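Structure, as structure tokens:
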Amino acid sequence: MAERETDTSDIRQLLTELRKRLGFSQEKLASELGVSFPTVYRWEKGKSQPDTLALQSIERFIKGLGAPYADLRERFALLRPFTTSRRPRGRPSKKAAGKEAGSAMDIKAMENLLWKAACSIRGEKDAPKFKDYILPLLFIKRLSDVFEDELARLVEQFGDEATARTVLEADHSLVRFYLPPEATWPVLSGRQSFDWPEGKRPRTLGEQVTTTIRAIAKANPSLQGVIDLVDFNETRNGEREISDEALSKVIELLSQPKHRLGLKDVEPDFLGRAYEYLLRKFAEGQGQSAGEFFTPMEVGWLLAYLVAPRQGEEVYDPCTGSGGLLVKCQLALKEREKSVARPLKLHGQELTGSSFAIARMNMVVHDMEGEIARGNTMVNPKFLDGASLKRFDLVVTNPMWNQKTFEPATYENDPYERFSARGGFAPASSADWGWLQHVHASLKERGRAAVVIDTGAASRGSGNEGENREKVIRRWFVENDLIEGVILLPDNLFYNTTAAGLIVVLNNAKREDRKGKILFINASAEFQKGRPKNFLPEDTVKRLAQAFHEGKEVEHLLKVVALEEIAANDFNLSPSRYVTSLAPTEHRDIQTLLDELAKHQREAQVLDHQLAGIFTGLGYRWGGEA
């Protein structure tokens with residue numbers, strides 16, 4: 001007989017109340033409990049429940065808080081024991097899948113996994129090629145683990161695994177991606193046997209990986225030409241491009257239970273983050289020149305909160321990358337409205353093949369209605385309405401900053417009139433305002449957008465005599481009252497630059513109290529130190545979005561500026577021009593400071609002794625000694 005299950009809402013309420021009474025962010029509580037930030041987030045959202053070890057950590061932590069938290073300790077005691085009911089016969093278990101509830105993979109764990117995978121093939125392939133072999137294996141693992149999750153759902157629905165598989169064989173549309181029996185990760189990793197037809201058994205592991213990928217692509221036409229581009233059995237000059245030994249090391253690494261990549265095991269854009277890491281770590285120069293420019297996760301959430309998607313709206317990202325910004329818009333809508341009857345319609349265009357593949361997969365994996373097109377948006381936009389650009393309710397994007405790859409003819413001969421009608425042509429030295437022109441041309445009559453650009457684009461040309469192309473375009477946007485807000489981000493958030501970055505919020509239909517004004521937010525001090533990059537804490541992201549939507553002036557953070565003042569400042573849109581920021585105060589533990597002081601004093605004594613010996617040996621008196 002199954003033991004009583006704890007009501008998910010009980011633990012959610014207790015953790016939320018505990019955090020609020022302590023004044024902790026989710027990140028801070030996660031640190032105290034020794035778990036990842038996403039884990040606490042998922043607990044409080046009811047998306048997962050703490051496992052036994054996690055419950056023990058929570059219990060110890062609450063007990064350590066003493067008498068003021070005795071009420072929470074008593075409430076927590078009533079929640080124990082925390083056990084799960086017996087699963088249906090034949091259902092794949094969480095334990096078998098290698099994860100216990102509540103143990104999501106965080107960024108550091110992901111990076112450690114990818115580093116080890118890269119080390120497994122180091123020496124056989126040049127560093128820039130690591131991603132070409134690691135990513136397809138991550139694709140297979142992710143698809144297989146998601147497929148296993150969905151099979152478990154069907155087993156629960158139909159009562160046993162045999163029935164669920166029979167139904168699934170008859171209707172592949174019951175799952176996001178269907179995997180043939182020979183193309184699952186357990187078979188590829190040798191953990192499950194498969195009866196290969198005569199003459200079809202792969203002769204090498206490389207051949208089996210290639211066969212697996214092609215079988216998946218054949219069963220899922222949307223992945224054809226997306227994941228099946230690399231032949232893992234390829235030979236050149238009589239030598240394999242990558243050996244079975246190296247492949248086996250990567251496969252064994254990914255097969256470890258802690259590296260499960262199912263629906264609830266990793267963040268929504270896990271594959272995009274993995275691609276980003278591989279580019280940054282091993283092919284950064286190549287990736288940056290190819291236009292790879294990823295958006296930090298918290299900046300993506302801020303963009304989504306700023307545009308505040310509404311049910312049924314059409315959302316567009318002309319530089320979609322791995323689709324992370326589109327995914328976050330849908331998740332932000334679900335977070336705000338809980339029940340979504342009309343999901344967002346997502347559209348994106350991406351030039352780079354690997355990013356395009358990940359974006360397409362992300363749409364399907366997350367049950368999101370979307371269309372991802374491939375191509376150069378500036379030169380050949382794919383979303384059209386007849387001879388004109390298709391228009392959208394929302395646009396969120398982070399184009400590569402200061403692009404110098406577009407010829408003057410791209411602007412001057414544009415058949416969609418994106419540029420000449422919106423202040424003229426961007427300079428050859430930077431396409432930032434060219435992207436903003438494209439974004440505005442893609443908005444509906446009441447559309448809104450949030451775009452990340454380089455900080456220099458806000459002020460270049462202002463204060464100088466003569467005309468500057470970027471300033472002329474800025475003036476057009478200001479005079480037409482299209483800019484609702486400009487937000488200065490902190491330094492060192494983005495992976496391939498230490499520059500701060502700006503978010504420009506456009507709105508074709510400002511509310512009455514915002515007309516003739518622009519909101520400037522200086523968030524340059526709103527960060528926490530990280531390694532190797534700074535980051536915006538979750539609470540800060542929500543506070544910045546709330547400040548923007550409320551529109552009330554906050555000293556050292558937000559100021560509302562009339563368009564006349566901006567014109568008087570020669571159309572300078574830099575938030576630091578209008579809002580002075582307080583330098584962040586670093587708070588350190590007193591005991592740590594005392595320990596460091598004692599250490600320095602001991603070091604000083606050693607140096608004094610050494611100097612005394614040196615100078616005494618030279619015949620001098622040290623320290624006033626007679």
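All values derive from a computational prediction rather than experimental measurement. Starting from 1, each residue takes its place in the sequence as its number.
In this structure F383 satisfies the ring pair (Phe, Tyr, Trp, His ring centres under 6.0 Å) test together with Y316, H347, sequence neighbours excluded. Here F356 pairs with nothing under the ring pair (Phe, Tyr, Trp, His ring centres under 6.0 Å) rule; sequence neighbours left out. Under the rule for a salt bridge (Lys or Arg N to Asp or Glu O under 4.0 Å), E169 has no partner lying at least two apart in sequence or in another chain. In this structure, K382 has no salt bridge (Lys or Arg N to Asp or Glu O under 4.0 Å) partners at least two apart in sequence or on a different chain. By the side chain to side chain donor-acceptor pair (under 3.5 Å) test, R165 pairs with E161, sequence neighbours left out. Residues passing the side chain to side chain donor-acceptor pair (under 3.5 Å) test with S173, sequence neighbours excluded: D171. Qualifying salt bridge (Lys or Arg N to Asp or Glu O under 4.0 Å) partners for K542, counting only residues two or more places apart in sequence or in other chains: E335, E538. E314 meets the salt bridge (Lys or Arg N to Asp or Glu O under 4.0 Å) test with K390, K444; sequence neighbours excluded. The ring pair (Phe, Tyr, Trp, His ring centres under 6.0 Å) test applied to W301 returns Y305, not counting sequence neighbours.
Here the straight-line distance linking atom OG of S189 with atom CG of L205 works out to 10.0 Å at 0.5 Å rounding. For the atom pair OG (S442) and CG (L394), the distance works out to 12.5 Å, reported to the nearest 0.5 Å. Summarising the geometry, atom CG belonging to L302 is positioned 4.0 Å from atom CD1 belonging to I503; distances are rounded to the nearest 0.5 Å. Rounded to the nearest 0.5 angstrom, M297 CE and L493 CG are separated by 12.0 Å. To the nearest 0.5 Å, the span separating CG on L254 from CG on D145 amounts to 9.5 Å. To the nearest 0.5 Å, the span separating CG on L33 from CG on L15 amounts to 7.5 Å.
Side-chain contact between Q208 and V187 is present, with heavy atoms from C-beta onward closer than 4.5 Å. The closest side-chain heavy-atom distance from T204 to L247 is not below 4.5 Å. Here the side chains of F494 and N398 are in contact, with some heavy-atom distance below 4.5 Å. For the pair L303/V307, no side-chain contact is recorded, criterion being any heavy-atom separation below 4.5 Å from C-beta on. Looking at heavy atoms from C-beta onward, N233 lies in side-chain contact with R240 at the 4.5 angstrom threshold. When side chains are defined from C-beta on, L151 does not count as touching V175, because their heavy atoms never get closer than 4.5 Å. In this structure the side chain of L384 reaches within 4.5 angstrom of the side chain of L389, judged on heavy atoms. Looking only at side-chain heavy atoms (C-beta outward), S248 and S120 stay at 4.5 Å or farther from each other.
Using a cut-off of 4.0 Å between Lys/Arg side-chain N and Asp/Glu carboxylate O, E148 and R260 are scored as salt-bridged. A salt bridge does not link D149 with R153: none of the charged nitrogens is closer than 4.0 Å to a carboxylate oxygen.
In this structure a side-chain-to-backbone donor-acceptor pair under 3.5 Å is missing from N237 to E239. Remark: side-chain polar atoms of Q311 are paired, donor with acceptor, to backbone N or O of R342 under 3.5 angstrom.
Listed by first and then second residue, the side chain to side chain donor-acceptor pair (under 3.5 Å) pairs that reach into residues 371-381 come to none, sequence neighbours excluded. For residues 195-237, the pairs satisfying ring-ring contact (aromatic ring centres under 6.0 Å, His included) are Y133-F232, F194-W196, with sequence neighbours left out.
Here the closest non-hydrogen pair linking L223 and R360 is N-NH2, 4.4 Å. Between T497 and K533, the shortest heavy-atom distance links the atoms O-NZ, 3.2 Å. The two residues R310 and L344 have their closest heavy-atom pair at O-CD2, 3.2 Å. Residues V439 and A449 share a closest heavy-atom pair of CG1-CB, 3.6 Å. The two residues V315 and C329 come nearest to each other via the heavy atoms CG1-SG, 4.2 Å. Closest heavy-atom contact between I121 and A246: CG2-CB, 3.9 Å.
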Next item on the list: Determine, stepwise, if the pair E313 / L333 fulfils side chain to side chain contact (heavy atoms under 4.5 Å, CB included).
Entry: CA-CA 10 Å; E313 288 189 318; L333 173 64; over 6 Å; no

Next item on the list: For V396 and L306, run side chain to side chain contact (heavy atoms under 4.5 Å, CB included): C-alpha distance rounded to whole Å, both residues' side-chain angles, the deciding distance at 0.1 Å, then the answer.
Entry: CA-CA 10 Å; V396 285; L306 290 172; over 6 Å; no

Check: What's the verdict on side chain to side chain contact (heavy atoms under 4.5 Å, CB included) for T166 and F158, showing C-alpha distance, side-chain angles and the deciding distance?
Finding: CA-CA 10 Å; T166 300; F158 294 106; over 6 Å; no

Next item on the list: Test W435 against M378 for side chain to side chain contact (heavy atoms under 4.5 Å, CB included), laying out the working first.
Entry: CA-CA 8 Å; W435 281 112; M378 193 69 85; 3.5 Å; yes

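Here the options are I251, I213, T184, L179, the test is side-chain contact (heavy atoms from CB on, under 4.5 Å), and the partner is I140; only I213 passes.
Within a 6.0 Å radius of CZ in R203, no more than 12 heavy atoms belonging to other residues, nucleotides or ligands are found.
The aromatic rings of H172 and Y178 lie parallel to each other, their planes meeting at an angle below 30°, with 60° marking the opposite boundary.
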When the side chains of residues 317-328 are checked against the rest of the protein, which donor-acceptor pairs come out under 3.5 Å, sequence neighbours left out?
unit_1	atom_1	unit_2	atom_2	d
D317	OD1	C319	N	2.9
D317	OD1	T397	OG1	2.7
S322	OG	D269	OD1	3.3
S322	OG	D269	OD2	2.9

